[in-house]
2 protein chains.
Amino acid sequence: MTSATSPRAAPTLHERITGDIESRILSGEWPPGARIPFEHELSARYGCSRMTVNKALTELARSGLIERRRKVGSFVTHSPARSALLEIPEIKAEVDALGEPYRYEILSRRRRRPARADARLLEGHEGAEVLDLTVRHWAGERPFCLEERLINLGASPEAAAESFAELPPGPWLLRRAPWTNAEHRIRARGADPRRAGLLKVAPGSPLLTVERRTWSGRTPVTYVQITYPGDRQELVARFSPGQRGATPGSTAA
Amino acid sequence: MTSATSPRAAPTLHERITGDIESRILSGEWPPGARIPFEHELSARYGCSRMTVNKALTELARSGLIERRRKVGSFVTHSPARSALLEIPEIKAEVDALGEPYRYEILSRRRRRPARADARLLEGHEGAEVLDLTVRHWAGERPFCLEERLINLGASPEAAAESFAELPPGPWLLRRAPWTNAEHRIRARGADPRRAGLLKVAPGSPLLTVERRTWSGRTPVTYVQITYPGDRQELVARFSPGQRGATPGSTAA
DNA sequence: CAGTGGTCTAGACCACAGT
DNA sequence: CTGTGGTCTAGACCACTGC
C-alpha cells in the first residue's frame with residue numbers, strides 16, 4: 001500500500017515489501033486465503049532484518065489486506081476492508097469550497113433542563129442543563145444548511161455564556177471540549193414545513209441529514225443535526241487500504 | 001484512548017506511550033500546536049529504546065493527532081482530521097439484521113459498449129465493454145434497496161459469463177476483483193417514477209443514494225448506485241481518534 | 001553546522017497455537 | 001514440544017531543515 005502520498009519518491013525498503021505483497025494479492029497471484037511467506041522467509045528473500053519485514057506485514061494487516069495468526073502464519077484476507085473514511089468538513093470550509101461567501105446566524109438559543117427526549121440524544125447525560133441552538137448557515141444568498149444542536153452544559157459550562165458571534169458552535173466546541181468518540185447517522189428525509197421554510201425549499205423535498213453525537217470519554221458533549229437540501233449536497237468518503245490515503249475530498253454542491 | 005479492541009489486555013509499551021500522549025492531547029494539557037517531547041526525551045522518560053517511542057509517535061502521526069517535522073519536532077495538530085469510519089455493510093447482512101428474510105432479483109442485465117456518460121462513472125476506463133445490471137434486494141415482502149451497477153469487463157472479464165444466481169454482484173466482485181480504492185458519494189434525492197415504482201414508494205419521496213466507484217490500482221472495477229427508501233435506512237459511522245478501532249462491521253460490496 | 005525524525009539491523013525474549 | 005508472530009533493544013546511518 002503504502003501510501004497514497006504523492007509521486008513516489010524513493011520507496012523505503014519496508015514500503016517496497018508492502019507494495020510487492022500488495023500487488024501480488026491484488027493481481028490474484030496470492031488469492032484470498034493464500035499463505036504469505038513467513039517473516040523469516042521474507043527477510044531472507046529481501047536480505048533485510050525481520051523487523052523490516054514485520055513493519056511491512058503489520059501495515060498490511062492493519063489495512064486489512066492480510067490476517068496474521070501466531071504459529072500459523074499470515075494469510076490474504078477473504079473479504080477485505082469494509083469501511084471507508086468519511087470526512088467531516090467544517091461548514092465554512094464547504095461553503096468556501098463553493099466559492100460562495102459564508103455567513104451564519106443564530107436563529108434560536110435556549111438554555112433549559114433536558115427533556116426526556118434529549119436523554120436519548122445525549123446518551124450518558126447526567127442531568128445538567130443543555131443549551132439548545134438553531135443555526136442557519138448561508139452560502140451567498142442561499143441557505144446552505146441548518147444546524148440544530150444540543151450542548152451538554154455539564155461538559156462545557158462556558159458555553160452558557162458564549163454568544164457564538166465570533167465562531168459558530170461547532171468550531172467553538174472543538175476548541176473547548178475536544179471529543180474522543182463520535183457517532184454519525186446519515187439519512188434522507190422529506191422536508192417538514194419548518195425546515196423547508198428555513199432552507200427555502202419546497203416542503204417534502206429531499207433533505208440529507210447528518211446527525212452527530214460526540215463524547216469526551218463517556219461524557220456526552222453535543223448532539224447536532226445538520227440538514228442539507230438533498231439536491232445540493234453530497235458527502236464523499238474515500239477508502240484505500242492504506243489509511244493514509246484519507247483524501248481531503250469532501251463535499252460539493 | 002487508543003485502541004478500540006476489546007477489554008484491554010495488557011497494553012504493550014508503545015501502546016501505553018501512545019495512550020499517554022493521546023490523553024494529554026485530548027485533555028487539553030497539550031493544546032494544538034504544543035510541541036511533544038523529542039523521541040530521545042520520551043525514550044529516556046519511559047526507559048525504552050527510541051524505536052519503541054518512534055512506533056508510538058508514528059502511530060499518532062498516522063491517525064492525525066500529531067504532525068512531525070524533521071529537525072523541528074512533533075506537534076499537536078491544529079485541526080485534527082475530522083473523519084469517521086463509515087461502515088459499508090453487505091446488503092444481505094443489513095436485511096438479516098432486520099430479522100427479515102433476504103432475497104434479490106436481477107431485474108436487468110445488458111452487456112454493451114460504454115456510453116459516453118459511463119466514462120465519467122468508470123473513471124480511467126479504457127474502452128472495454130461494461131456489464132449493466134439492475135438488482136432489487138428484498139427484505140421480506142418489501143423492496144429494501146435498488147442496486148444499479150456497471151462492471152468494467154476489462155477488469156473482470158469473467159463477469160460476462162456469470163449469472164449472479166448464487167451470489168449478488170457485489171459480493172461476487174469482491175471475491176474476483178478486490179479493490180484498492182473506493183470513493184463513495186452519499187446524497188438524498190426525490191424518487192423518480194421508475195425508482196419509485198421499483199421500490200414501491202411514492203414518487204418524490206426521499207431516497208438515500210450511495211454511489212460507489214472502486215478501482216483496482218488505476219483500473220476501474222465497478223460503479224454502483226444503491227438507493228434506499230430514505231425513511232427506512234440510515235448509514236452509521238463511528239469515529240475515535242485512534243483509527244485502530246476499524247469496527248469489524250459487516251461486509252462490503 | 002547540529003539536531004531532528006526516518007529507517008534499518010542483528011540480535012533477543014515472550015506468548016501463543018498447533019503438534 | 002516447536003515455530004510463529006509480537007515486541008523490544010541498543011546501537012547505526014541518513015536526509016532533511018533550520019540556524
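Predicted, not measured: the structure shown is a model, and the values here were computed from it. The chains referred to below are lettered A, B, ... by the order of the sequence lines, with proteins before strands, and numbering in each begins at 1. Basis for what follows: all heavy atoms, side chains included, without hydrogens, waters or symmetry-related copies.
With sequence neighbours excluded, no residue forms a ring-ring contact (aromatic ring centres under 6.0 Å, His included) with B:His14. Looking at residues two or more places apart in sequence or on another chain, you find a side-chain hydrogen bond (donor to acceptor under 3.5 Å, both in side chains) between A:Glu211 and A:Arg187, A:Tyr223. Residues satisfying the side-chain hydrogen bond (donor to acceptor under 3.5 Å, both in side chains) criterion with A:Ser74, sequence neighbours excluded, are A:Arg68. Contacts of A:Glu166 classified as salt bridge (Lys or Arg N to Asp or Glu O under 4.0 Å), with partners at least two apart in sequence or in another chain: none. In this structure B:Glu100 satisfies the salt bridge (Lys or Arg N to Asp or Glu O under 4.0 Å) test with no other residue, sequence neighbours excluded. Under the salt bridge (Lys or Arg N to Asp or Glu O under 4.0 Å) criterion, A:Asp96 pairs with A:Lys92, sequence neighbours left out. Residues forming a ring-ring contact (aromatic ring centres under 6.0 Å, His included) with B:Tyr102 (at least two apart in sequence, or on another chain): B:His137. With sequence neighbours left out, B:Trp138 forms a side-chain hydrogen bond (donor to acceptor under 3.5 Å, both in side chains) with B:Glu105. Take A:Trp172 and apply the side-chain hydrogen bond (donor to acceptor under 3.5 Å, both in side chains) test, not counting sequence neighbours, and it matches A:Glu162.
Checking C:dT9, C:dT7, D:dT9 against every side-chain atom of B:Thr52, the shortest atom distance belongs to D:dT9.
Remark on DNA chain D: of its neighbouring residues A:Leu57 and B:His14, the 5'-side contact belongs to A:Leu57, judged by nearest-heavy-atom nucleotide.
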Worksheet entry | Dot-bracket encoding per residue of DNA chain C, Watson-Crick/G-U cut-off under 3.5 Å, | denoting interstrand | ||||||||||||||||||.
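The stretch residues 38-47 of chain A comes close to DNA chain C through A:Gly47, each having a heavy atom under 4.0 Å from the strand.
Rounded to whole angstrom, the span from the CD atom of B:Glu67 across to the P atom of C:dG5 amounts to 14 Å.
Residue B:Thr58 is classed as having no contact, given no heavy-atom separation below 4.0 Å to the nucleic acid.
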Practice prompt. Scan nucleotides 11-19 of chain C nucleotide by nucleotide, 5' to 3', and note B when protein non-hydrogen atoms come under 4.0 Å of the base, S if they reach only the sugar-phosphate, - if neither.
Written response: -B--BSBS-
